[in-house]
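Note that the structure is a prediction, hence the values are computed from the model and not measured.
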Amino acid sequence: MADASTAAQHAGNAPAAPAAPAAPAAQARGLSIVLEPIAHPELGEIVIVDALFAVGRNEAPFAEYPPALSGELSRRHARLFLEGGGAYIADLGSKNGTSVNGVDIRQKTCELKEGDIVALGPALSYRVRLRRSAQAAQGASLASLTLTPESSEGGLRPIVITAFPFLVGKAESAFAQYRELHPRQVDYLSRRHAHIFLKGDAPYVEDLGSTNGTLVNGKRLDEQARRLEDGDTVAFGGLYFVYVASLQRAAAPAPAPAPPADPTLTVLARAPADAAALPASAASPSSAASPSATAAPPPAVDADRTTFVAAAESFLNIFCAPPAAAVADDSGADAAAPGPAAAAKSGDARRSRSRAALFLSGMAGALRDDQPKKPGRLLAAGALAVALAVAAFALMLSRGGGETEIRALLADGKPAQAASMAAQYLEAHPESEPVRTLQTEAALKARLPGWLAQLKARDFAGAEATLAALPAAPANADLAALAGELGWVGRVEKFMAPRAAADTPIKLYADEDEMHALLNWWNTDTSAHQRMLARIASLVPDFRDTYAGTLSHLRRLQGDDAVYLAAIERLKAAIAAELKAGRLDAIEPLLAENVEKYPRLAGLEPLRRDLALYREIDGAARRRQLGPLAALLAQARFATPPFQAAYTALAGSGALPPPALLEKYAPVAAAWQAGQAPQALARLQPLAASGPWSAEAAAELARKKAVADTFASLQKSRAAPGQNERLLAFYGTLDPLDDAWFIRAAEGDLKLDRAAAQKEAREQIDRAESLWRQYRDGGGIESRQRLETVVSERFRGQARLLAGAQQAVRQGMKMAAQLRTDVPPKWAALQQEIQAEAGLQRRLLQESRGAIDPALARTKQALLGGTDDGNAARTETAR
């Protein structure tokens, strides 16, 4: 998960206006989580009202459970928390896993909804109930928590925390500010080392599985959080970051905070112009007293030497760290924490010096160390060292003019001129790393304000052009890498711009690829991305708000990844499996089930259109109908990947006419659809005589002759009684695509009574609805009837109803399509229900072939109708 704390917590040592800690929005509205046990109701429900609740075998109430139940939990199994008006659960890499509604969320975070089923390992499962009260929760009386360095040596500053939770980690500004002076000590911290949170009205500290641990009063924390009291000594990662805790209480409850506009937004702490405005309770951390000292009003602190943290970290950031990224980031902290001697030595302050001064002082030290040992060589070595130092210093001075002028331009607020001068200087001195670093800073300060304005105006093309104008590698590989980070931010903003609402649909085969790409980019090296983006924010402070907003978008994407993207991948795999098995009737129920389960899933209409077209092509191919099949193939355009792949496979299987035959058949189709029946029949005769698909061509020749003869007969009997009935019967034999000319002629030339035809279509639908109702009232077809060793009368009767309903609804929908009338949604829904049931029964019979005779299973499938075996079903229906 994104680590927003580098930007979200107060950067540097400028004080930010502290405030009384605001209760989470969820608590402010009285939100609580109730876990109702399912598998073991005797355990009783768990009511969670605190912002954070720990799940583990040694945590309450799980420690009181029988060992057979609690033993399946890990020590640090999961955490439930309230944030931004919502409830969440985060698995902490537990051995036996955590699932929500059957979806494994191991090492992930998931938002909880009313009625969700949460499984903690294999033995414990709960139903989630969310309770809200209209009364706002009372504000906490804890005004701030001050962490005062135990030792005045080493340059540590006090930390005043006024908003919780507070994250401890090497990338957090409260600790990262010491990297230049004490890089090794900072590396003893893990990226997510520990966090301090409020439980009730008391602060607690919990280690987050860090490499070098967290100690309270000299005792290392294991899996459980520890309450902090006045005077407690807290050590993070070794003997350098050691603090004494003191609590400052507010005189009166703080007012309830206003609900945030966006519950996922990361709030950036900003420094006030006047540090004197700080309240005494927040600006007065306790002195570095011993752990046994009693709490007393803390003395005033120097605001310029104190780190104020007035922006709360997000539990989502704390618990959503990708495990691989966390391990990679902690690789520098694998060594054991330093002992007392090493800590004292590393506590000496290191001064920032120029390269020349470093060189000279290093040589002087070498000379001092060598003096007692080698007096004979000392003078020569010293003279050589001084000469080299003078030469190096002179060389640096000769090159420093450009660097000095560039720094001056940056100081004067002229970054564009500084960037231009740096580029010119680097052309002559491409090896100058200091100037290249200055070029990076100047280019970002010159370009980013305009880029940020373009993002805000949603001019994403302009923003991309702005980044493209930055110097690229190899001229400045560092700047090119930062530009790549900004390019990713721009892609996130572009993707999320039309998706501001939390319930924005996720379109299948449209959104998931970009979502995967954005998340994969971030997860590839999360710690490196965080460092570079934090560096950009330190150079251009206006970038912090955009960075924080991007991290908020990232949290949403990661939440969708855990739920919707996982569901989409399962749906894609299921569609591909059903297509491969030829179970087309199973796809529509699969889509309906997923839409019901995942209401934000959208973009299914192209899939349904492809399903309908593929079903027609597959059916015509199985019936070997050359004319209708050629008409379908002429307009076959599939929009979704599974049907594109299935169509390619179908063509490669030989089930479709070869391209050479379709090319010869094209003049036949053109003449037939132009109403030139004699020409079409004449051109079709050679194809029916010999060659591939000659038998199918002969059948098509016979069909076309029958259509032409019937049409000629109808033309001769225009005034005869029953003409409209004969026209309707003729209409029912026509193919909507291949016989389009005869459909138009029947309506125009033969004066088809459209009202009567529409009435016939409605009657067919009514008949289908009646048969379908009888089928359902009869209980459908049960498993014992499918597994009978004979075709019972019960099975025969129900199959006759289902087959009749299929035939009637198909005929009614076909006539409606031929008449080009709008199909009522009720008709389409009826057809989907009937087709879904018929497809289910056929699939179940197919799967039961191992239990009954395969020939019997085929007979029963034929009785169901709707497939190539429909002739048997129609024969049975006629009986």
Side-chain angles (χ1 to χ4, degrees), residues 102 570-571 573-597 611-612 614-616 618-619 621-623 646 764-765 767-813 828-879:
R570 291 194 299 270
L571 176 59
I575 291 172
E578 300 296 355
L579 276 172
K580 185 176 181 180
R583 295 190 291 260
L584 300 181
D585 291 328
I587 296 178
E588 180 56 45
L590 191 65
L591 299 180
E593 177 187 354
N594 276 267
V595 168
E596 182 178 0
K597 193 172 183 180
L611 172 60
Y614 187 85
R615 188 195 300 275
E616 290 189 60
D618 182 68
R622 292 177 185 276
R623 294 188 294 271
Q764 289 288 351
I765 296 296
R767 179 171 179 272
E769 189 173 15
S770 175
L771 293 171
W772 175 239
R773 188 182 305 110
Q774 294 177 53
Y775 173 81
R776 288 188 303 175
D777 292 345
I781 298 176
E782 301 173 354
S783 59
R784 59 186 180 85
Q785 295 160 5
R786 288 191 298 271
L787 297 177
E788 290 172 339
T789 58
V790 297
V791 180
S792 66
E793 287 302 319
R794 165 79 176 169
F795 181 91
R796 195 185 304 276
Q798 289 297 98
R800 182 183 294 113
L801 291 172
L802 184 57
Q806 289 182 84
Q807 184 178 1
V809 75
R810 187 184 300 114
Q811 184 66 18
M813 294 293 283
L830 177 65
Q831 184 181 35
Q832 287 182 5
E833 289 181 15
I834 295 173
Q835 287 179 343
E837 173 65 14
L840 174 64
Q841 292 296 337
R842 282 193 291 272
R843 185 167 69 254
L844 293 174
L845 277 170
Q846 178 71 22
E847 294 170 355
S848 67
R849 288 191 176 186
I852 64 174
D853 181 66
L856 178 63
R858 287 195 296 270
T859 299
K860 290 185 176 183
Q861 282 184 311
L863 290 173
L864 293 174
T867 65
D868 294 335
D869 298 323
N871 290 332
R874 284 190 288 273
T875 301
E876 192 64 30
T877 303
R879 289 173 52 190

Does a donor on one side chain and an acceptor on the other come within less than 3.5 Å for Gln807 and Gln811?
no
Between Leu802 and Leu863, is any pair of side-chain heavy atoms under 4.5 Å apart?
no
Side chains of Thr789 and Asp853 in contact at under 4.5 Å (non-hydrogen atoms)
no
Which heavy atom of Gly804 sits nearest a heavy atom of Arg767, and at what distance?
O-NH1, 3.8 Å
Please name the pair of heavy atoms, one in Gly780 and one in Arg794, separated by the smallest distance, quoted to 0.1 Å.
O-NH2, 3.8 Å
Shortest non-hydrogen contact from Ala646 toward Leu579:
CB-CD1, 4.0 Å
What are the two closest non-hydrogen atoms of Ile781 and Arg786, and how far apart are they?
O-NH1, 3.1 Å
So, Gln798 side chain and Tyr775 main chain: donor-acceptor pair closer than 3.5 Å or not?
yes
Rounded to the nearest 0.5 Å, how far does CZ of Arg570 lie from CG of Asn594?
8.0 Å
Where do Gln841 and Lys860 land on the side chain to side chain contact (heavy atoms under 4.5 Å, CB included) test, with the steps shown first?
CA-CA 10 Å; Gln841 292 296 337; Lys860 290 185 176 183; over 6 Å; no
Reported CD-to-CD1 distance for the pair Gln831 and Ile765, which is rounded to 0.5 angstrom:
7.5 Å
Arg615/Asp618 under side chain to side chain contact (heavy atoms under 4.5 Å, CB included): CA gap, chis, key distance, verdict
CA-CA 5 Å; Arg615 188 195 300 275; Asp618 182 68; 5.8 Å; no
Which value, rounded to the nearest 0.5 Å, describes the distance between Ile587 atom CD1 and Gln835 atom CD?
12.0 Å
Under the side-chain hydrogen bond (donor to acceptor under 3.5 Å, both in side chains) test, residues paired with Gln785 that sit two or more places apart
none
Asp585 vs Arg843 side-chain heavy atoms within contact, under 4.5 Å:
no
Shortest non-hydrogen contact from Leu864 to Ala799?
CD2-CB, 4.1 Å
Using modelled atom types and a 3.5 Å cut-off, is there a donor and acceptor pairing between side-chain atoms of Gln846 and backbone atoms of Gln861?
no
Quick check against the 3.5 Å criterion: does Arg583 have a side-chain atom that pairs as donor or acceptor with the backbone of Gly839?
no
Any idea which heavy atoms bring Leu611 and Leu584 closest together, and the distance?
CD1-O, 4.1 Å
In Å, rounded to the nearest 0.5 Å, how long is the span from CZ of Arg800 to CD of Glu793?
7.5 Å
Any side-chain heavy-atom pair of Leu840 and Glu837 under 4.5 Å:
yes
